Amino acid sequence: MEGKVIHRCLHVLDLEKSLDFYERTLGMKEVRRMGPDDGSWMNVFIANSTSGFQLELTWNRGRTEPYENGGRDSHIAFTVPDFEAARALHEQMGCICHRNDAMGLYFIEDPDGCWIEILPEAIRFGAQNGVDVLDALARRKSVRKYSGEPVPQHLLDRVIEAGLRSASGRARRPWELIVVRYRETLDRLAECRDHGSAMLREADAAIVVVGNPECADTWIEDCSIVMANMHLEASASGLGSCWIQGRMRTAVDGGSTQDFVADLLDIPAPYQVEAMLSLGMTDEPAKRRPLDEALRSKVHEGRF
């Protein structure tokens, strides 16, 4: 049995002041309100258009003593589409109470002392449930520069799971995944191509996808599906990633990428290197790109 978070209740001393604060800082507006006819208390629910989450602001007439709403140890978190603009606004309002530049986030404090975490929209600490697949595709991009921060294991696990859940012809799954995190190995792996693999020197991890041609004649397609799914999940989880083609490519030493990678990672015959995915934390927000309308000319109705 699973539950769904729908709101969090906060007690406020000055209802109008709090309503103004949340509208100005986060675009939260009143959805509905309820309370007794005598006006002794009031519950006002506020929300914005970006999610179904609501805050319930509870006001009690005559209360003058500050409430204990949890402070920094029990906070609410919001993502914002323009992190720098939000920070500039909150600095102007004077409500920023704590910064964590290393993690790329900060906190603001509401009129009743509740701390609110502000994160960039490309949140890197976990993927959201109910991902819009088309939106994720519109935000996916190849990222070749990384911040140097380690990739959290739980996010790497999500990328791997996306690969393991991939469809394959007759469910034969002719692929194997090799996860590389050792710095020395990643630096060596950066030489697997005469160009197009240098980003591995900055990456925190790489996943090499190999296929067994003797297991299925669709091994190339099946491995490509694995790569595409992992690439998409990496983007949805806020990670930077890039597809590095291996099959039919040449290494820095003049030999084949296949032989270079197989020798480096002890890949046995008959497995063939299809591609590898570089992974790293990124400071580049995943912006939604509009569809190139010219691509619609590639859609044919009924016949070519």
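In this text the structure is predicted, and so the values were computed from the model without any measurement. Positions are given from 1, in the same order as the sequence printed here. Scope of the values below: all heavy atoms of this structure, side chains included, with no hydrogens, waters or symmetry mates.
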> What's the spacing between H11 NE2 and W41 CH2 if we round to 0.5 Å?
Replying inline: 10.0 Å

>> Given 3.5 Å as the limit, does a donor-acceptor pair link the side chain of E109 with the main chain of C97, or not?
In response: no

>> Nearest 0.5 Å, please: how far is CG in L264 from CD1 in I178?
In response: 9.5 Å

>> Quick check against the 3.5 Å criterion: does D110 have a side-chain atom that pairs as donor or acceptor with the backbone of G113?
In response: yes

> Which residues satisfy the ring pair (Phe, Tyr, Trp, His ring centres under 6.0 Å) test with Y271, sequence neighbours excluded?
Replying inline: none

> Does E161 come within less than 4.0 Å of R158, counting only side-chain N to carboxylate O?
Replying inline: no

>> A quick test of your reading: do over 12 heavy atoms of other residues, nucleotides or ligands sit less than 6.0 Å from CD of E293?
In response: yes

> Any donor and acceptor pair, going by atom type alone, linking the side chain of S197 with main-chain N or O of A190 inside 3.5 Å?
Replying inline: yes

> From H231 NE2 over to L137 CG, what is the distance, rounded to the nearest 0.5 angstrom?
Replying inline: 10.5 Å

>> Tell me every residue that passes ring pair (Phe, Tyr, Trp, His ring centres under 6.0 Å) with F83, counting only those two or more places apart in sequence or in another chain.
In response: Y106

Donor-acceptor pairs under 3.5 angstrom involving side-chain atoms of residues 209-221: please list them, not counting sequence neighbours.
{"unit_1": "N212", "atom_1": "OD1", "unit_2": "E214", "atom_2": "N", "d": "2.9"}
{"unit_1": "T218", "atom_1": "OG1", "unit_2": "D222", "atom_2": "OD2", "d": "2.9"}

> Between the side chain of T250 and the main-chain N/O of S256, is any donor-acceptor distance below 3.5 Å?
Replying inline: no

> Can you check whether N229's main-chain N or O pairs, donor with acceptor, with R165's side chain at less than 3.5 Å?
Replying inline: no

> Knowing that exactly one of L26, V31, L19 qualifies, which makes a side-chain contact (heavy atoms from CB on, under 4.5 Å) with I46?
Replying inline: L19

>> Under 4.0 Å between a side-chain nitrogen and a carboxylate oxygen: does that hold for E184 and R188?
In response: no

>> Can you classify the ring geometry of F53 versus F78 as parallel (below 30°), tilted (30 to 60°) or perpendicular (above 60°)?
In response: perpendicular

> How many angstroms lie between atom OG of S166 and atom CD1 of I225, to the nearest 0.5 angstrom?
Replying inline: 7.0 Å

